[in-house]
Structures are given as C-alpha cells and as structure tokens.
Amino acid sequence: MQRLAAIKGMNDILPPDSARWEWLESVVRSLMQRYAYRAIRTPIVEPTALFVRGLGQVTDIVEKEMYSFEDRLNGEQLTLRPEATAGVVRAVVEHSLLHDGGKRLYYMGPMFRHERPQRGRYRQFHQIGAEALGFPGAEMDAEIILLAHALWAELGLQGVRLELNSLGQPDERKAHRAALIAHFEQHRGRLDEDAQRRLYTNPLRILDTKNPDMQAVVESAPQLMDYLGDASRQHLQTVQSILDAAGVAWRINPRLVRGMDYYNLTVFEFVTDQLGAQGTICGGGRYDYLIEEMGGKPAPAVGWALGVERVLELLREQQRETPAAPLDAYAVVADAAFLPAVMALLQRLRLHGVAVQMHSGAAQAQGLGSIKAQFKKADASGARFALVFGADEMQAGAVAVKPLREAGEQKQLSLTDVAALASSLQSAR
Ligand code: ATP
Ligand code: MG
C-alpha cells in the first residue's frame, strides 16, 4: 500500500511544538481582551466569488494561489480561504454587526495558498488577525498598530521594525497610477514579464517586485506620497504622532503597497531581517471601501494579519524559550488492583486543578511494571512530584508524595482532604 503522507506545504503541528502554539494563542487572547477586541470565527470554505470580489481579480492570490474547487453535489464554486478579512467583512455585512456602532474583532486560524513551499511559506499556514470596523479615525490605525507592537513585547520578540506608507484615496491613486504607467511605458524594455503583464492591470504592484534587475526603474518611479492631498497627509501624520507619543519607531517605505487591492490610506508591515526572504511577519492597513464593495452600507475599517509560523520561527531564531505546560504530578501505582481507587482520586485531583499523568503499563496480565520502571517514566514526564500508591499507603488511606525536581523529603499525605492535597501539589505555581 502506498504510504499516506500530508500534502506538500501543509504541516502537522505536533507536541512538544504544539505547546508553543498554544502559548502564543493564549498570549494573543489575553492581549486582545485588554484592547477590547472580541473573537470572530468564520468558515474556512467560502464561495469563490467572495475572494474574487474582495481581494481583486488581478492580485497574486486570486490569479494563482487559491485552492478552488467545485462542490460535487451542487456545482457551487468554493475556495479554501486564503485570508480572513473577506470572510469577516461578509459576516459583518450578513449579520449587520455595525448597526449599533463600530466593532473590534480578532480571529486565528488556518489559511490556504498554493505557493511554492519554503521556509516561512507554506500552503496551509496560520494567521492571527485584528480588524476594527466602522471607525474612520486615524487613531484606530494607530490603536491597531499599537496592538501588534504590544504583542511583540509580550512575546519577547526583538528587532521587529515597523514600515508605514499611505496609499491615499482612490482619486489620488488614479492620478499616481497614470503617472506610473507613463513612467513604466518609457522604460518598457527594462520590465520583466510579470511587470509587463501588470502594467495596465495593477501597475502599483510592480513597485513590490523582488527582481534585482528592476530596482533602478522602480526606484525612479513616481511616488504615491507625492500625489496625496491634505486630508490623506493629515491622516498619516496623526498616526505618526500617536506612534511617536507611544515610543513606537516607524519608517516610511514609499514602496510598501501590500498584495490586496482593497487598501487605502495607511498601510503597514512589521518586518525582521532574521527570517531571510520571508521577513514580513505582519501586514495590514485601512480598507474603507471593502464593506461597501461587499454589499454592506459604506463603513470604514482597518486591520492586520500576522503569520503564526513566521512569528514562531522568529521566536526560535531568537532562542526565546516559551513556557511549556507544567505537569504537577505523575502517579506511580504498585498494584493494578489499586487502579479503581487511584483513578477515582486522580479524577478528583484534576477537578481541583492538578495536572497529573497516570502511569499506564503493559497489557492486563503483566500488570503496571516495576516501581523502578514507573519512576523512570515519572522522571521523564517532567512532573514536579511522584504520587506513589504503594500497599502501605493504600492501607493507610494515604499517598506518598516524592519531589522529583527539587530537594525535599518524601511525605505521606492523607487522601481524606483532597482539596488540601491538591493545593500542596500546586503550591509552586
Ligand atoms: P508575502 O509577501 O510574504 O507573500 P503577503 O503579502 O502575501 O506576504 P498577507 O496576505 O499580507 O501576506 O498575509 C499576512 C501575513 O501572513 C504575512 O505577513 C505573512 O507573515 C503571513 N503569510 C502570508 N502568506 C504566507 C504563507 N504562504 N506561509 C506562511 N505565512 C504566510
Ligand atoms: Mg504572498
């Protein structure tokens, strides 16, 4: 039989690594709560039309990265979500979430893009995102940037730089676009195939090229910043002054354009030099026209998404230890005949908050294995204490508690007061 394996570019997340994921997610939840962002969960599969409309026909994602398929039963065109903003906006519109004012939302979950798998780039990857919908003010751009910045601090990440740009408003972009096309037409011979193809569909994206041969023609291209009117400039300045007051460093990157069509005004990315080519760990911006585009009442919005794999990789790169889930105790059981009583007790201990791993031996006939072998397992488990259920202890209605990680005598504790036993096992936490 052919060996079954995961799809290329889609990874299993296994223990002990999964503990790092859970830790990251718990840090995010706690921080979101402090910024008053509430969780939203939308389906992983959406109608293909949602992304075509939301992201724009001529974006990389829609042109070549989507996992799209036809539902065999009813012929519907479906797509595994490549990002979550389109789905969030659909849900917000569908459920009229903005009827009583703006909403601050966050999500976490898997996204799917058919890209060439490499370090920091996968076909199933995970994003955590924040979206503030219904708020027009630049202070919200600043808030959501500060939120991401606080996350790096909470995670202990270093050396993450913030790059900012403004894409202005549609009319400003239109004037810039015409100038951009004229510029690239003048240097047509120096454009690569990709740029030729985008010249009239999405010239702004040419600025984003990674082709070293095109750097000169891109450097000399007209800058969108020079086409911004007063209101757009003021918007950016307000964001900058809030970031300055909060001590968050930023740098203007006039070539920062972002992959999706839906952005306007502020766009930003958090980048690092420590992850090679995949150095962007988080990107976002304002998208004031998307909600209307998706059939909702016009409402502004701003948001970002971070790549979980890249953030975890950066933590690893910086040798940042992530706290593992602690195990309080490991139960060593001398005789299989004690198991009903022991397991009943462990059940109660766990309801009192104790993390305790039960020893499980070989098949029934061989019993649980020697005490020595069980202690070896207890040691390897990382538990702080061994709970030893021997014949004497069972007779006395007690358990021997032996410290495994620190000095200290083995103590015999009574089983009559489970709450007291539980709290003595958790005392160090
Ligand atoms: P890139 O330029 O690296 O392709 P992007 O502009 O396509 O990124 P976004 O759509 O803005 O990325 O997604 C936000 C974040 O999600 C990125 O900054 C990155 O950290 C992460 N990300 C995007 N695509 C992938 C992928 N294929 N694998 C892993 N992480 C990804
Ligand atoms: Mg991409």
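Predicted model, so just to flag it, every value in this text is computed and none were measured.
- At a cut-off of 3.5 Å, with distance as the only test, a side-chain donor of Thr85 or Glu131 sits close to an acceptor on the other residue.
- Between Ala331 and Leu346, the shortest heavy-atom contact is CB-CD1, 3.9 Å.
- Side-chain contact check for Leu275 versus Arg310: some heavy-atom pair is nearer than 4.5 Å.
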Practice task
Determine, step by step, whether Gln318 and Gln274 satisfy the side-chain hydrogen bond (donor to acceptor under 3.5 Å, both in side chains) criterion, reporting the C-alpha distance in whole Å, the side-chain angles of both residues, the deciding distance to 0.1 Å, and the verdict.
Solution key: CA-CA 9 Å; Gln318 299 183 353; Gln274 288 173 273; 2.8 Å; yes

Problem - Chi angles and distances behind the side chain to side chain contact (heavy atoms under 4.5 Å, CB included) call for Met10, Tyr122 - result: CA-CA 6 Å; Met10 304 198 178; Tyr122 310 100; over 6 Å; no

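- Relative orientation of the Tyr67 and Phe112 rings is perpendicular, given thresholds of 30° and 60° on the angle between their planes.
- Inspection of the Glu172 and Ser232 side chains reveals an N or O donor paired with an N or O acceptor under 3.5 Å.
- Under the side-chain contact (heavy atoms from CB on, under 4.5 Å) test applied with Val356, the options Leu387, Leu425, Leu327 reduce to a single match, Leu387.
- Here the shortest heavy-atom pairing between Ala91 and Ile40 reads CB-CD1, 4.2 Å.
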Show me the donor-acceptor pairs, under 3.5 Å and distance only, between side chains in residues 291-306 and residues at least two apart or in other chains.
residue, atom, partner, partner atom, Å
Trp304, NE1, Ile144, O, 2.7

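- Geometrically, Arg198 does not engage Phe184 in a cation-pi contact defined by less than 6.0 Å to the ring centre and at most 45° from the axis.
- For Arg233 against Leu228, the heavy-atom pair with the smallest separation is NE-O, 3.1 Å.
- Counting only residues at least two apart or in different chains, salt bridge (Lys or Arg N to Asp or Glu O under 4.0 Å) contacts with residues 44-55 comprise Glu46-Arg90.
- For Gln186 (side chain) and Ala182 (main-chain N/O), no donor-acceptor pair under 3.5 Å exists by modelled atom type.
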Practice task
For side chain to side chain contact (heavy atoms under 4.5 Å, CB included), just list the numbers for Met108 and Tyr106, CA-CA rounded to whole Å, side-chain angles, deciding distance to a tenth of an Å, and then say yes or no.
Solution key: CA-CA 7 Å; Met108 348 190 170; Tyr106 79 94; 3.9 Å; yes

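- For Leu55 against Pro82, the heavy-atom pair with the smallest separation is CD2-CG, 4.2 Å.
- Aromatic ring orientation, His183 versus His187: tilted (interplanar angle from 30° to 60°).
- The minimum heavy-atom distance between Gly353 and Asp328, with the atom names listed, is O-OD2, 4.0 Å.
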Side chains of residues 154-161: which donor-acceptor partners sit under 3.5 Å, not counting sequence neighbours?
residue, atom, partner, partner atom, Å
Glu154, OE1, Arg34, NH2, 3.1
Glu154, OE2, Arg34, NH1, 3.3
Arg161, NH2, Asp273, OD1, 2.7

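- Defined by atom type and a distance below 3.5 Å, a donor-acceptor pair is missing between the side-chain atoms of Asn253 and Asn165.
- Remark: the Tyr227 side chain and the Gln169 side chain contain no N/O donor-acceptor pair separated by less than 3.5 Å.
- No side-chain donor-acceptor contact under 3.5 Å links His176 and Asp226.
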